Amino acid sequence: MSSIENIYKPYLMRVEKITNEAPDVRTFRLKFANPEDAASFSFKAGQFGEYSVLGEGESTFCIASAPTRKDYIECTFRRVGKVTSALSKLEEGDTMSFRGPYGNIFPIEDWKGKNLLYIAGGIALPPMRCVIWNTVDLRQDYKDITILYGARTVADLVYKHELQEWTDRPDIKLVTTVDPGGETPDWKGEVGFVPTVLEKMAPSSENTVAIVCGPPVMIKFTLPILSKLGFKDEDIFTTLENRMKCGFGKCGRCNVGKVFVCKDGPVFTLAQLKELPQEY
Amino acid sequence: MSMEIKSIQKDSLDKLFNSLKSRGNLIYAPVKVKNEVQFDFVEKFEQITDDFIQTTQSVKNSVFPKIETLFKFVKTGKEVKMLDMDMSLIPEIVIWGIHPCDVWGFDSLRAIFTWDTHDMFFEKRMDKLTIIGMSCAKADDYCFCTSVNLGPGSTKGSDVLLTKTGNGDYIAELVSDKGKALATSMPDVFVQAVQSKKEDFLVVVEKRFDSESLIPKMQKKETFDSPFWVTNSLRCLGCGACAYVCPTCACFDIQDEGYGARNIRFRCWDSCGLKQFTIHTSGHNPREVQSQRWRQRLMHKFAYMPERNKVTGCVGCGKCSRACPVDMNIAEQLQEIDQKM
Amino acid sequence: MDSLRRKAQQLLESKEVDCIIGYNEGSSGNVHAGFITTPGQAEKLIFDDRCKQNLGVYLTKHEVMRLGKLAIVAPVPVMRTVLILTYECQIVENSVKVLGIGLDGQFLDFNEYADIEKYLTDHCNEHPEEDKKLIEKISAMSVEERWDFWHETLKPCIKCFACRQACPMCYCVRCQVECNQPQWIPVQSSELGNMEWHFMRAMHLAGRCTGCGDCGRSCPLGIPVHLLTFKMSDVVLDNFNTKAGLTIKEPSTLSTYKANDKETFIR
Amino acid sequence: MSDFTPKITAFVCNWCTYAGADLTGTSRMKYSANVKIIRFPCTGRVDFMLLLKAFDNGADGIIVSGCHPNDCHYTSGNFHARRRWIVFRNLCDFMGIDSRRITFSWVSAAEGGKWAEIVNSTTEKVIELGPYKRYSQISKDGFINEFEKGTING
């Protein structure tokens, strides 16, 4: 916490690999341009960073790679705004910047010996992928791992190769679903909205934590179903996606009630959310 | 810190000014511009006025400028080179004739910029400040400093606080070590204290509410959910005037600007009153209507900041109410909350 | 004023409208907009020289629209605002009850917007004398002097957007200043950016300005930004012989054209 | 100021002036090479902010050119544009932006000669007026100057 440091100065990163995930959705694998930065950098599942094409501004995403996989970080984004449009114009070998990690973490230590239920919708799988891989890499510490992932259409599903990998693994149960009308003739997964599919799946809440990530509408309808299934508010985790700029609880943008999402979040339990005003 | 009291004779105030100037300080003082009084860098003592209640804008831009370059970068092909700002270029500034409320604004800013991670730019600028405060002999209906535990003669935060006495001489309270050092270095300006009581020359500011009782009320959930916010903010236009003139509002935006290879990343003022402040790229807006944004402004100052930053984010200067185009009077609304909730 | 209050009371009693947007006594001798929802509150309505805010700005504000059927206390600029908003499909014709206040301060009870059009044909507001003089003064300068004048005048602008927010014609959900692909106008307050912003505002209000002057009045720094829109009204009048908001039958000047528009500069 | 080569940006409509400029080239007529042509579907599409952005980025002069009245590919684009430019020029004048630096013209696909004449005369006039310092001082030049000096804001 030295006061002579410029906290807004990012790391320079080299785009090492670009993967096209879905229409307008890309994953970047980034390496530190300066090896010393790489050596001193570490993060934990759930944290986020400020990614930027220098000259176009900064944008906030979670770190999508697992902390157990060293020497690179990955981010996945959809092209929507100014910064993500600039990002999507980058090619392998280009320079961009990153600063972080910021925010709190998923308490995966506390989850040891429990069943994990991951529920993700659309472009919200990336923030969860970090913690999924993290727990999968430490597989022996956890009991059943179930992943429910839904997207609007089959084409919108991200990380298709990893979804395949998870399907093939006997120790992970993966359920994918697409919204009605989004299926293709050869679609083998479920058809229906995430909350509906979840209700049908009716996973046991016994010794289980649920981690929910998705667009506000999905979260809004998923949470009551989890509660109905008997999940305690303390066992439901989600991440808030408020707009952020600084990452230090100063710029005021992500202020929800007394918390700053960038400092006290982005990971919250439902119990914590219920304490907060509905401004997220 | 024990405080020393000296006095300055009315005709040696310019001597103080000139000595400060000759030591290479920039002097940021109130000057009359058209019908208003604004802080500006002054060259001559005669430019300064002390005939005002409040300036339109606060002096926060001396430590939290409208635009602060965070770093520069040069882009050549695929390469980017980052360049640090030369912090040694930050000038020594003397803020002259600033009222106690405005002075206390710096403390709120400090709470925001250093509550967790320290902000280098703010701290460096703060270090270079010398604050010569001036007690208030005048006030108007908008002033409510006494309601937030300050007062027209409050020494909090000043290095030296001057109070003009009946005969034009000044009582000089040396509040900080910086202030004492300043006085020691100018023995011909800071002379033996006269026998007059500062309180006799201060304006009386009526207490509208008590922040001690208001803060817990603001923190109650019922207050947050109260229909008060909608009814009282219907006329709010949703501009950023209140936040931009406020001595303690510190919300900012980070942006890039440049021409070709040469670029800068900077931060600039932003306001929670503006609709675009919290809007997501998807179009979802956590604070969708103006009443939520107005509530956020007051809550941030009177509920969240006291809890997290241990300060009230308001100094009772009333600048926001004066600047408001539609007469959103903050003191009036706070008073109402204090009485009703 | 009594007739205004009586009418207001009667409208609320008969449930013809749910809310009356008018002027109330404010703090420290100010007046501010008041939203009257019960007959008992009608006594609070006032109208005098201090009542200058263009209340039309509230007709497109969500939380006000939610109050139900509206009536509005309308001096001449507000009447013009209502007509423009109607033509631009922001409000439905005759949906907002207009409690007119004539140029002479008399209460005018309009039944439908056609009556307003009739009234406005010979009772249109003019720019205040002092503003006219200022515009003349600026017009008399050389181009370079004018640039320097506006450069200096607009330099202190802090981009708080009070001018935009106070303007009833600035109802866009997304203002061009917020469009960032590309970034048309810098986010921050900068010398050129401030000029660009006010240039853009004046251009977007050309042919739509009702001359209420609220943009200039709302500026916390007292920058006379209304001179720009006032000047544009003059330009539109000189070149196309139109005034904004006198009718709901014709589009605003810049959203239409005539094949015989006169100009002298296109080669 | 003899060595001053002005930077001129031309906003032209695809259907008339662009074709006209093409004709100028194919008929081997000579005209100043310092003009940058930006092709638009119609003059009606040329937002006034684009012109300000051109000045912002260092243009010393601007040409806006499209189809003659009644010849618009989209029937009325140029009529709308004409109204807008009348107002725009007045606002430029009032704010002190030198409207002599902006040439408006109608150049049809057959008027290769007129295009050459427009470009040449605009160039001459802008050379006479010199670089647009008043604008660039607070835009590009001002920025680069501050950047190099490393000035600390505030």
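Every heavy atom of this structure was used, including side-chain atoms; hydrogens, water molecules and symmetry mates were not. The sequence lines fix the lettering, A, B, ..., with proteins before strands; numbering per chain opens at 1. Fair warning: this is a prediction, and the values are worked out from it, not measured in the lab.
- Interface remark: of the candidates B:Gln290, B:Arg267, B:Arg235, B:Lys319, B:Arg235 forms the most heavy-atom pairs closer than 4.5 Å to chain C.
- Residue B:Cys236 touches chain C through its backbone alone, counting heavy-atom pairs closer than 4.5 Å.
- Contact of B:Glu288 with chain C is not made at all, since no heavy-atom distance falls under 4.5 Å.
- Contacts of B:Cys239 with chain C are made by both backbone and side-chain atoms, with heavy-atom separations under 4.5 Å.
- Looking at B:Ser321, neither its backbone nor its side chain comes within 4.5 Å of chain C, counting heavy atoms on both sides.
- Under the 30°/60° scheme for interplanar angles, the aromatic rings of B:His280 and B:His284 are found to stand perpendicular.
- A perpendicular orientation is assigned to the rings of C:His226 and C:Phe230, their planes being inclined by more than 60° (bins at 30° and 60°).
- Using modelled atom types, one finds no donor on one side chain facing an acceptor on the other under 3.5 Å when comparing B:Tyr244 with B:Asn61.
- The residue among C:Pro220, C:Ala162, C:Ser218, C:Ser27 with the most heavy atom pairs within less than 4.5 Å of chain B is C:Ser27.
- Note: B:Leu234 leads B:Leu234, B:Thr56, B:Ile279 in heavy-atom pairs under 4.5 Å with chain C.
- Ranked by heavy-atom pairs shorter than 4.5 Å toward chain C, the options B:Asn329, B:Val289, B:Asp253, B:Val33 are led by B:Val289.
- With a 4.5 Å cut-off on non-hydrogen atoms, B:Lys275 touches chain C through its side chain but not through its backbone.
- For C:Trp197, the ring pair (Phe, Tyr, Trp, His ring centres under 6.0 Å) partners are C:Phe161, not counting sequence neighbours.
- With respect to chain C, the highest number of heavy-atom pairs below 4.5 Å among B:Asp141, B:Asp270, B:Val230, B:Asn35 belongs to B:Asp141.
- A distance of 13.5 Å separates SG in C:Cys209 from NZ in C:Lys231, rounded to the nearest 0.5 Å.
- Each of B:Phe106, B:Phe113, B:Phe64 was checked for a ring pair (Phe, Tyr, Trp, His ring centres under 6.0 Å) with B:Phe122, and the lone residue meeting it is B:Phe113.
- At a 4.5 Å heavy-atom cutoff, the contact between B:Glu332 and chain C is made by side-chain atoms alone.
- Contacts of C:Gln188 with chain B are made by both backbone and side-chain atoms, with heavy-atom separations under 4.5 Å.
- The pair C:Arg50-C:Glu25 meets the salt-bridge criterion, with a side-chain N (NZ, NE, NH1 or NH2) lying under 4.0 Å from an Asp/Glu carboxylate O.
- The pair B:Lys32-B:Asp51 fails the salt-bridge criterion, with no side-chain N (NZ, NE, NH1 or NH2) lying under 4.0 Å from an Asp/Glu carboxylate O.
- Residue B:Ser271 does not touch chain C at all, counting heavy-atom pairs closer than 4.5 Å.
- Within the 4.5 angstrom heavy-atom criterion, no atom of C:Leu55 approaches chain B.
- Only the side chain of B:Leu274 comes within less than 4.5 Å of a heavy atom of chain C; its backbone N, CA, C and O stay farther away.
- In this structure, chain B has a heavy atom under 4.5 Å from the side chain of C:Val57, while its backbone stays farther away.
- Residue with the most contacts toward chain C among B:Gly273, B:Ala243, B:Gly238: B:Gly238 (heavy-atom pairs, distance under 4.5 Å).
- Taking the ring centre of B:Trp269 as origin, the terminal cationic atom of B:Lys60 falls inside the region bounded by 6.0 Å and 45° from the ring axis.
- The pair C:Asp214-C:Lys52 fails the salt-bridge criterion, with no side-chain N (NZ, NE, NH1 or NH2) lying under 4.0 Å from an Asp/Glu carboxylate O.
- Taking the charged nitrogens against the carboxylate oxygens, B:Asp256 and B:Arg265 do have a contact shorter than 4.0 Å, which makes a salt bridge.
- A perpendicular orientation is assigned to the rings of B:Phe39 and B:Phe52, their planes being inclined by more than 60° (bins at 30° and 60°).
- Ion pairing of C:Arg164 with C:Glu178 is present here, as a side-chain N (NZ or NE/NH1/NH2) and a carboxylate O approach within less than 4.0 Å.
- When the heavy atoms of residues 127-141 of chain C are compared with those of chain B, none of the residues falls under 4.5 Å.
- Classified by interplanar angle (parallel below 30°, tilted 30° to 60°, perpendicular above 60°), the ring pair C:Tyr58/C:Phe35 is perpendicular.
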